[in-house]
Amino acid sequence: MADKISVLYSEEEITARIKELGAQISKDYEGKELHIVGILKGATFFACELAKRITVPVTLDFMSVSSYGDSTESSGVVKINKDLDEPLEGREVLVVEDIVDTGNTLSYLLDNLQKRRASSVRLCALLDKPERREKDVHVDYTGFEIPDKFVVGYGLDYAQKYRNLPYIGVVETE
Ligand code: IMP
Ligand code: MG
C-alpha cells in the first residue's frame, strides 16, 4: 500500500535555503579550504547541492554510519560501515548530515572525528528536530528546524524508500 506523503518544504524552498547556507559558509571560510564530510546515504543529495553553492575551494569525502537495526528509532549504538578515504589532520572539516534527531549518531561521530586532529570540525544539517534531542549536539548551520514528525525525501528515507523525492514530506502513518 502506498504511504501518504504531504509536502513540508518544496524543492524551491530547499534550493533557496541551500543558497543561503552556501553563501554563509563561503563567507565564514573565506581564505580557507573546506573539507566536506557527507554522511551516507541520507546527506548525499544535500551535500552535493550545498557544495555547488560554496565559493571557497572544496574537497569531499563520505562516511557511512548506522544505528543498530533499521527502525525509525535511533538506538545510540553507532557502527561505522564505511570510514573516510582521507585523513582529516590539519583540515577545516564540515560534517554534512541530513537530520539531527536524538543526536545519538552525531554525538558519537563528532567525538570520533574530533580525535583525528582536524583544524576545526563543524556541523551542517539540512534538518533539525530539537524536541527529540537526547544528546547535546551543537549544529553550526541548520537548513530548517522541524517539529517531531517523520520526514522523507531529499535524501531521507523510510525503510530505504523515498530518498529521491525532490521535496521534503511528512509520512502520514495510520
Ligand atoms: P539520531 O541519531 O537520532 O540523531 O538520528 C539520526 C539519523 O536517524 C538520521 O541520520 C536519519 O538517518 C534518521 N532519522 C531521524 N529522523 C528521521 C526522519 O524524520 N526521517 C528519516 N530519517 C530520520
Ligand atoms: Mg543519516
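All residue numbers refer to positions in the sequence shown, counting from 1. None of these values were measured; they are calculated from a predicted model. Both ligands and their constituent atoms are indexed starting at 1 by order of listing. Just the heavy atoms: all of them, side chains too, but no hydrogens, waters or symmetry mates, feed the values below.
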Identity of the nearest option to atom 20 (N) of ligand 1, non-hydrogen atoms only, from Leu127, Val151, Val152, Leu156:
Val151

Asn104 heavy atoms within 4.0 Å reach ligand 1 at atoms 2 (O), 4 (O)

Can you sort out which atoms of ligand 1 are near Thr105, meaning under 4.0 Å from one of its heavy atoms?
1 (P), 2 (O), 5 (O), 6 (C)

Do the side chains of Tyr141 and Leu94 get nearer than 4.5 Å, heavy atoms only?
yes

Using the side chain to side chain contact (heavy atoms under 4.5 Å, CB included) definition, which of the options Val100, Thr102, Asn104 pairs with Arg133?
Val100

Under 30°, 30 to 60°, or over 60°: which ring-plane class applies to Phe144 and Tyr9, parallel, tilted or perpendicular?
parallel

Can you sort out which atoms of ligand 1 are near Lys149, meaning under 4.0 Å from one of its heavy atoms?
19 (O)

Decide whether an N or O pair under 3.5 Å exists between Gly103 and ligand 1.
yes

Is there a side-chain contact between Lys41 and Arg163, using heavy atoms and a 4.5 Å cut-off?
yes

Best match, Asp101, Ile99, Ile146: closest heavy atom to atom 13 (C) of ligand 1
Ile99

Using a 4.5 Å cut-off on heavy atoms from C-beta on, say whether the side chain of Ile18 contacts that of Phe46.
yes

For ligand 1, which atoms, with element, lie under 4.0 Å from some heavy atom of Lys129?
16 (N), 17 (C), 18 (C), 19 (O)

If we number the atoms of ligand 1 from 1 as shown, the ones under 4.0 Å from a heavy atom of Asp98 are 9 (C), 10 (O), 11 (C), 12 (O)

With a 4.5 Å cut-off on side-chain heavy atoms, are Tyr29 and Gln24 touching?
no

